[in-house]
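Counting from 1, the numbers follow the sequence of the chain as shown.
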Amino acid sequence: MDLDSPTIVESAYADAAAHVLTAALCDDPGFTHVLPDARVRQEALQAFYGYIVRDAIRFGRVLAVRDAAGIAGVSISYPPGAHPLPVGRKLGALPPMARILVRSPRQVLAFAQLGSAIDAAFPRDPLTYIEALGVRPDAQRRGHGRRLMARILRDADHTGADCYLETSRDVNVPYYESMGFASLGEFAPLRRGGPAEARMRRTRPV
């Protein structure tokens with residue numbers, strides 16, 4: 001198998017996958033807005049993605065592509081009905097975030113409010129949800145993200161599900177449009193004072 005062919009991430013590699021997502025997404029406008037302190041943001045995202053990767057290993061799918069240096073890119077997706085997370089699963093994120101919450105409560109609260117706004121905007125019909133897509137900074141622009149997305153979209157088409165995602169980078173909109181996604185409404189904040197977000201949906205081919 002080629003190193004850059006997507007493979008399913010197992011629990012032994014959860015921390016490594018979370019590290020890649022943290023490195024790839026730490027300068028995301030949504031995260032820099034609610035977590036302005038770089039150190040807090042790094043720690044919060046590592047804790048958050050450490051939990052979400054493990055949750056998605058159980059309830060969704062975590063894929064990775066690899067290169068000679070290790071994991072190059074990671075995607076997290078959930079099948080229809082598995083997202084937004086129910087309260088019980090959300091509470092599982094508290095222990096990993098507890099230390100950061102004690103030290104930086106306002107930033108962690110803002111981070112949680114962003115998550116709540118994203119959940120509130122989630123369409124009500126069953127969809128495959130692409131929670132995260134990230135490529136290690138030194139491995140970007142080599143097609144890793146497209147390989148991960150192609151696998152997600154193929155699997156979603158096989159089950160007959162539409163796909164949904166959000167992005168707070170306007171430059172990502174044409175990237176996802178090239179894969180069949182279309183914007184739902186304007187590129188606008190999901191919560192007052194928050195970063196602009198594009199909500200995008202891909203309808204399964206007939």
| Are Leu45 and Tyr13 in one and the same hydrophobic cluster, where Ile, Leu, Val, Met, Phe, Trp and Tyr link if side-chain heavy atoms are under 4.5 Å apart? | yes
- Message: Would you say CZ of Phe31 has more than 12 non-hydrogen atoms from neighbouring residues, nucleotides or ligands within 6.0 angstrom?
- Response: yes
Heavy atoms of His33 and Gly194 approach each other most closely as NE2-CA, 3.7 Å
Lys/Arg N to Asp/Glu carboxylate O, Arg54 vs Asp15, below 4.0 Å
yes
| message | Side chains of Thr7 and Arg66: any donor to acceptor distance under 3.5 Å? | response | yes
Test side chain to side chain contact (heavy atoms under 4.5 Å, CB included), reference Val62, set Ile52, Leu21, Val53, output is Val53
When every non-hydrogen atom of Lys90 is compared with those of Leu85, the smallest separation belongs to CE-O, 3.1 Å
Notebook entry, point to check: Counting only heavy atoms not in Glu10, do more than 12 sit closer than 6.0 Å to its CD atom?
Noted result: no
(request) Verify, without hydrogens or angle tests, whether Ser104 (side chain) and Leu101 (backbone) share a donor-acceptor contact under 3.5 angstrom. (result) no
Let's go through Arg41 and Asp28 carefully: what are the C-alpha distance in whole Å and the side-chain angles of both, what is the deciding distance for salt bridge (charged side-chain N to carboxylate O under 4.0 Å, His left out) to 0.1 Å, and is it a yes or a no? CA-CA 10 Å; Arg41 184 166 65 250; Asp28 179 271; over 6 Å; no
**Message:** Between Tyr129 and Glu166, is there a side-chain donor-acceptor contact under 3.5 Å, judged purely by atom types and distance?
**Reply:** yes
| request: Treating Ile, Leu, Val, Met, Phe, Trp and Tyr as nodes and any side-chain heavy-atom pair under 4.5 angstrom as an edge, say whether Ile76 and Phe122 lie in one connected cluster. | output: yes
Checklist entry - Taking the six-membered ring for Trp, is the centroid-to-centroid distance between Phe48 and Phe111 below 6.0 Å? => result yes
- Between Arg136 and His144, does a side-chain contact (heavy atoms from CB on, under 4.5 Å) hold up when you go through it step by step? CA-CA 10 Å; Arg136 208 178 62 229; His144 295 312; over 6 Å; no
Heavy-atom closest pair (Phe59 atom, Pro79 atom, distance to 0.1 Å) is O-CD, 3.3 Å
For Ala72 and Asp67 the tightest heavy-atom approach is CB-OD2, 3.7 Å
TODO: Would you please say whether a donor-acceptor pair under 3.5 Å links the side chains of Ser178 and Arg146?
DONE: yes
**OP:** Flag yes if Ile8 and Ile130 sit in one hydrophobic cluster, no otherwise; membership is Ile, Leu, Val, Met, Phe, Trp, Tyr, and two members link when side-chain heavy atoms are under 4.5 Å apart.
**Re:** yes
Practice prompt. Find out if a path of hydrophobic residues (ILVMFWY) with successive side-chain heavy-atom gaps under 4.5 Å connects Val74 to Val65.
Written response: no
The single option from Asp157, Thr128, Asp162 that satisfies side chain to side chain donor-acceptor pair (under 3.5 Å) with Arg202 is Asp157
Checklist line | Asp27 and Arg169 ion-paired at < 4.0 Å | finding: yes
Leu184 with Leu190, same ILVMFWY side-chain cluster at under 4.5 Å: yes
Residues Leu63 and Val9: closest non-hydrogen pair is C-CG2, 3.8 Å
Shortest non-hydrogen pair, Arg142 vs Arg147, comes out as O-NH2, 2.7 Å
